[in-house]
Number of protein chains: 2
Amino acid sequence: MVASRELPSEGVIKVWARLLRAQRVALTGVEADLKTAGVPPLAWYDVLFELKKAGEGGLRPVELEGRLLLEQHNISRLVDRLVVAGHVHRRPCPTDRRGQVLTLTETGRKILRTMWPVYAGAIQRHVGSKIGTDEDVRALSLLLERLMSTRER
Amino acid sequence: MVASRELPSEGVIKVWARLLRAQRVALTGVEADLKTAGVPPLAWYDVLFELKKAGEGGLRPVELEGRLLLEQHNISRLVDRLVVAGHVHRRPCPTDRRGQVLTLTETGRKILRTMWPVYAGAIQRHVGSKIGTDEDVRALSLLLERLMSTRER
DNA sequence: TCCATTTTAATGCAGATGCATCTATAATGA
DNA sequence: TCATTATAGATGCATCTGCATTAAAATGGA
């Protein structure tokens, strides 16, 4: 892979530094807002939201892994905590006896409803209010999407 | 604060999601490259680099705190590890007997030199090669900078 | 079929982080 | 001056993450 031996330009290095820093600033701000409001942390929202999107059929841990980009052991323990808290139901998978199927419980659904207004306000406060026009929002969205892609340009 | 009660637009929510994800993808990629090369993690580089920039006079932990945006207790322990590893020298601060002054040791300088080529390659691989033109780099840099600012727009 | 390989999930252990608290010193100000 | 308050840094404890390993089940040939 030739490109991997190239050195980054000054501009790229700056983008890297700012990506780390902007994310950290925004994330710690949002997490702090959640904590202040007395609701669970972001990771819980992520799991619950994926399960809600998945609907009736629920999701298997291995599917969560792919969607949240978390390691297998982290999913395993995160789900543990959510099960203990009563927000997620875990039952054996009918088609694969190694696996399990996760679904939302009623309290899980309730947590999502409780968290969203807080979360949305935090996103607006720590991200939305910092960016300018809709056009800037679109531009940033597009550029960030490229960063996530696996292919080079 | 009125803006804090506004709800984020669809676009802003997407930016938030992509900011988290793009950063996670890039960061885990870079950390993995460092590990593969057998060099210390990013956090070590950050501290050592700040100390290098600070030069002769070194830095106090409280200054590192501001520059790296880490909590006081995290700085305290991170520095501990670097001192134990022999990369950082810690001596009492002459002007404030509560404090201390941190400077690079020779092996600390060496670690920086060893890490940079690996780190630079990783940045190019996981960030640089994903973005297109220099203009895109500039645009992304500018937009990310806005996110870090404390003021709203 | 049978065996090697791969996939799914859990877990023990070490390392890192968040939170609250503690000690020592410095700064403030009556 | 002395008492109050603020700041610098360390640390105990709980939680969370990373890493390696393990167990069980599924898959894919020969």
Side-chain angles (χ1 to χ4, degrees), chain A residues 20 23-25 27-36 38-47 51 58-85 88-103, chain B residues 20 23-25 27-47 51 58-85 87-103:
Chain A
L20 291 189
Q23 192 265 8
R24 186 176 322 183
V25 169
L27 180 60
T28 60
V30 168
E31 289 277 22
D33 285 3
L34 295 182
K35 176 152 308 195
T36 299
V39 299
L42 225 47
W44 286 33
Y45 189 89
D46 290 340
V47 171
L51 290 181
L59 280 181
R60 296 188 47 183
V62 68
E63 296 174 298
L64 269 180
E65 206 178 316
R67 298 178 198 212
L68 300 183
L69 302 185
L70 293 178
E71 313 277 333
Q72 179 268 319
H73 57 266
N74 286 330
I75 293 287
S76 178
R77 278 153 170 156
L78 182 50
V79 167
D80 267 355
R81 288 170 235 144
L82 284 162
V83 168
V84 168
V88 167
H89 180 66
R90 173 157 52 183
R91 63 185 162 78
C93 175
T95 64
D96 184 340
R97 281 160 57 200
R98 293 169 303 184
Q100 41 190 245
V101 176
L102 309 171
T103 49
Chain B
L20 290 189
Q23 192 266 7
R24 187 178 319 186
V25 168
L27 180 60
T28 60
V30 169
E31 289 277 22
D33 285 2
L34 295 183
K35 176 152 308 199
T36 299
V39 299
L42 226 46
W44 285 33
Y45 189 89
D46 291 339
V47 171
L51 290 181
L59 280 181
R60 296 187 47 182
V62 68
E63 297 174 297
L64 269 180
E65 206 178 316
R67 298 176 198 211
L68 301 183
L69 302 185
L70 293 178
E71 315 276 331
Q72 179 267 319
H73 58 265
N74 286 330
I75 293 288
S76 178
R77 276 152 171 157
L78 182 49
V79 168
D80 267 355
R81 286 170 237 143
L82 284 162
V83 169
V84 168
H87 304 326
V88 168
H89 180 66
R90 173 158 51 183
R91 62 185 163 81
C93 176
T95 65
D96 183 342
R97 279 161 56 200
R98 294 168 302 184
Q100 42 191 243
V101 177
L102 310 172
T103 49

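Keep in mind that this is a model prediction, so the values were computed, not measured. Proteins come first, then strands; the chains are lettered A, B, ... in the order of their sequence lines, and each starts at number 1. No hydrogens, no waters, no symmetry mates; every other heavy atom, side chains included, goes into these values.
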I want to check something: taking the side chain as every heavy atom from C-beta on, are B/H87 and B/V47 in contact at a cut-off of under 4.5 Å? no

Whole angstroms only, please: what is the [atom1]-[atom2] distance between [X] and [N]?
X: A/L34; N: C/dC19; atom1: CG; atom2: P; result: 12 Å
X: A/L59; N: C/dA9; atom1: CG; atom2: C1'; result: 16 Å
X: A/R77; N: D/dA20; atom1: CZ; atom2: C1'; result: 11 Å
X: A/L78; N: C/dA10; atom1: CG; atom2: P; result: 12 Å
X: A/L70; N: D/dT17; atom1: CG; atom2: P; result: 8 Å
X: B/R60; N: C/dT25; atom1: CZ; atom2: P; result: 13 Å
X: B/E71; N: D/dT11; atom1: CD; atom2: C1'; result: 16 Å
X: B/D80; N: C/dT17; atom1: CG; atom2: P; result: 13 Å

So for A/Q72 and C/dA10, does any side-chain atom that can act as donor or acceptor lie under 3.5 Å from a complementary atom in the base?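 Looking at the base of C/dA10, it does pair with a donor or acceptor on the side chain of A/Q72 (distance under 3.5 Å).
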
Can you check whether [X] has a side-chain N or O nearer than 4.0 Å to OP1 or OP2 of [N]?
X: A/N74; N: D/dC16; value: no
X: A/K35; N: C/dC19; value: yes
X: A/Q100; N: C/dA10; value: yes
X: B/S76; N: D/dA10; value: yes

Gap between atom CG of B/D33 and atom OG1 of B/T28 - 0.5 Å precision: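 Between atom OG1 of B/T28 and atom CG of B/D33 there are 9.5 Å.
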
Rounded to the nearest 0.5 Å, how far does CG of A/D46 lie from CG of A/L51? 11.0 Å

Between A/T28 and A/P61, which residue's closest nucleotide on DNA chain C lies nearer the 5′ terminus? A/P61

Return whichever of A/A43 or B/R98 has its heavy-atom-nearest nucleotide of DNA chain D closer to the 5' end.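 Its nearest nucleotide lies further toward 5', so the answer is B/R98.
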
Using heavy-atom distances to pick each residue's nearest nucleotide on DNA chain D, tell me which of A/R81 and A/T95 is more 5'.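 Comparing both residues, the 5'-ward one is A/R81.
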
Just call it for B/D96: base, sugar-phosphate, or nothing, with non-hydrogen atoms closer than 4.0 Å on any strand.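 B/D96: backbone/sugar contact only, no base atoms under 4.0 Å.
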
Take A/R60 and A/D96, measure what side chain to side chain contact (heavy atoms under 4.5 Å, CB included) needs, and give me the verdict at the end. CA-CA 10 Å; A/R60 296 188 47 183; A/D96 184 340; 3.4 Å; yes

Counting heavy atoms from C-beta on, name the nucleotide in C/dA26, D/dG9, C/dG18 closest to the side chain of B/H73. C/dG18

Consider the side chain of B/R90, meaning its heavy atoms from C-beta on, and name the nucleotide among D/dG18, C/dT17, D/dA10 that approaches it most closely. D/dA10

Might you point out which heavy atoms bring B/P94 and B/V101 nearest each other, and give the distance in Å?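 Of all heavy-atom pairs spanning B/P94 and B/V101, the closest is CD-CG2, 4.2 Å.
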
